[in-house]
Every structure is written in C-alpha cells, then in structure tokens.
Amino acid sequence: MGKGMLKTEYLIVGSSHAGLAAADEIRMNDDAGSLAMVTMEDLLPYSPTVLPYIISGKVSVPQIYLRDAEYFRTQRIDFVKGKAVTRVDPETRAVMLSDGSRISYEKLLVATGAEPTVPRVENLVKVPFLKLRTMADALHHLDVIPKARSAIVMGTGLVGMHAAEN
C-alpha cells in the first residue's frame, strides 16, 4: 500500500472472529461497498485461542488460519496485514498506519480483541513472565518453555485455560 491513501466505505481493524464475522455480515447486506481489513500481524486471520496448541505442538501454523487469501479476493476485501493502526482521526474519518500510510473510511469498526492484563502482583516484574496474545508471543514461548522447569498460568479465559491444558 505504500505511503498513499486507501479509501474505503467500511474499515475493520482486527482480523479475528469478530472482524471476520463483521466482514461476512457487511457482504451479506452490501455486496458492492468497498471494504478493507487491517491487522498488525503479517499473517492471515487466526484465532488467538489456538495459540497454546501451537506451543504444545498439537497444531502447526498453517492449520490455524480462519480464512485464506482466496476469501479476501472473492469477497473483494482489501486485506492489509503487517500494519498497526497508530491513530484514528474521527474528524477526517481516517486512520494512520504504522508505516505512515492512511486509510480513509466512511464506517469504522475496531475489533482488535483484548490485551492481556498483567495482574498487580507484588514483585511480578522481577520474575520472567510471558504473555500470550499473538503468534509472535507463541513462537517466543517455543524458545523459552523448553528451558523452564515449572510454570504458573495466570488467567482463566480461553487462552489461559488452553495454556494450562497444554
């Protein structure tokens, strides 16, 4: 996309389940409107809930994708990967991306999911700990976990439960 300006009627920031469900719904109701989806990761959409299975080796990276490139082509979705939204300007209806490019929109949906919350535990910052939110996190875990002798999983959401299981 370079440093130009993409213009779109619908802009979805985030490409997990919520963003994809929104794209499907938009296409069911508006087959002609321009649609773009932005993700900070340089990957096709995947579910973060399967990241613990990457760490355990139960699944490989190609098995986790929720949609393939053909989906974006047939649904006429400009899929912008590897660029984070760094600023939203509601007055001009535009977002700035991490590479300096901009996307103008008529309607914006932010569907980026949650950021793991590090609990307020005394001295936690003095202990090596990992978060699990992105594929980069999971791949880092693959390097670190074999060297660990024990672990504590903090968090009882789907990712935390799957991490404990695996």
Side-chain angles (χ1 to χ4, degrees), residues 1-55 59-119 129-144 155 157-163:
M1 185 167 70
K3 296 238 181 185
M5 167 103 82
L6 175 68
K7 294 181 180 185
T8 188
E9 186 172 348
Y10 305 98
L11 176 59
I12 300 170
V13 180
S15 66
S16 194
H17 292 289
L20 292 169
D24 290 341
E25 191 67 26
I26 289 167
R27 278 295 170 246
M28 283 195 295
N29 291 286
D30 185 352
D31 189 42
S34 58
L35 173 56
M37 181 177 283
V38 178
T39 180
M40 67 180 182
E41 293 192 74
D42 198 20
L43 299 167
L44 288 167
Y46 66 89
S47 173
T49 60
V50 299
L51 292 175
Y53 297 101
I54 294 287
I55 295 167
V59 297
S60 64
V61 174
Q63 294 174 299
I64 68 164
Y65 296 123
L66 298 171
R67 301 287 191 279
D68 59 13
E70 180 69 7
Y71 165 82
F72 294 101
R73 190 186 66 71
T74 59
Q75 295 300 312
R76 294 169 325 285
I77 299 171
D78 288 315
F79 185 59
V80 180
K81 59 184 180 173
K83 297 177 184 174
V85 172
T86 58
R87 183 170 180 258
V88 176
D89 185 348
E91 289 181 20
T92 63
R93 291 188 174 195
V95 298
M96 178 76 71
L97 302 182
S98 53
D99 70 345
S101 62
R102 295 170 47 93
I103 301 176
S104 68
Y105 60 86
E106 291 180 35
K107 298 175 179 102
L108 172 67
L109 172 65
V110 177
T112 55
E115 180 68 26
T117 302
V118 177
F129 68 89
L130 305 170
K131 292 193 266 180
L132 184 56
R133 171 72 172 92
T134 66
M135 182 63 68
D137 293 340
L139 297 176
H140 178 66
H141 282 55
L142 288 174
D143 291 336
V144 174
L158 277 176
V159 174
M161 297 300 282
H162 288 310

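Summarising the geometry, atom CG belonging to Leu109 is positioned 8.5 Å from atom CE belonging to Met37; distances are rounded to the nearest 0.5 Å. Interatomic distance, Met40 CE to Leu97 CG, rounded to the nearest 0.5 Å: 13.5 Å. One finds the OG1 atom of Thr49 at 5.0 Å from the NE2 atom of His17 (value rounded to the nearest 0.5 Å). Taking NZ of Lys7 as the start and OG of Ser34 as the end, the distance is 11.0 Å to the nearest 0.5 Å. Going from atom CZ of Arg133 over to atom CG of Leu51 covers 9.0 Å, rounded to the nearest 0.5 Å. In this structure, CZ on Arg67 lies 11.0 Å from CG on Leu44, to the nearest 0.5 angstrom.
A salt bridge is absent between Lys131 and Asp137; no separation between the charged side-chain nitrogens and carboxylate oxygens falls under 4.0 Å.
The two atoms that bring Ser15 and Pro45 nearest to each other are O-CB, 2.9 Å, heavy atoms only. In terms of heavy-atom proximity, Pro52 sits nearest to Leu132 at CG-CD2, 3.8 Å. Listed here is the closest heavy atom pair of Gly82 and Ser98: O-OG, 4.4 Å. Nearest heavy atoms, Ile77 versus Ala23: CD1-CB, 4.0 Å. Heavy atoms only, all atoms of each residue included: Asp89 and Tyr105 are closest at O-OH, 4.0 Å. The two residues Ile55 and Leu142 come nearest to each other via the heavy atoms O-CD2, 3.3 Å.
Here the side chains of Thr8 and Ile103 are in contact, with some heavy-atom distance below 4.5 Å. Side-chain contact check for Val85 versus Thr112: every heavy-atom pair is 4.5 Å or farther apart. Between Ile64 and Ser47, every side-chain heavy-atom pair lies at or beyond the 4.5 Å cut-off. Using a 4.5 Å heavy-atom threshold, the side chains of Leu35 and Gln75 count as separate. Counting heavy atoms from C-beta on, the side chains of Arg102 and Thr92 come closer than 4.5 Å.
Checking side-chain atoms of Thr39 against main-chain N and O of Lys81 turns up no donor-acceptor pair under 3.5 Å. With hydrogens and angles disregarded, a donor-acceptor distance shorter than 3.5 Å links the side chain of Arg27 to the backbone of Gly33.
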Handout entry: Residues Lys107, Ile26; criterion side-chain contact (heavy atoms from CB on, under 4.5 Å); working and verdict
Key = CA-CA 11 Å; Lys107 298 175 179 102; Ile26 289 167; over 6 Å; no
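Between Leu6 and the choices Asp78, Val38, Val95, the side-chain contact (heavy atoms from CB on, under 4.5 Å) rule is met once, by Asp78.
In this structure, a donor-acceptor pair under 3.5 Å is present between the side chains of Glu41 and Tyr46.
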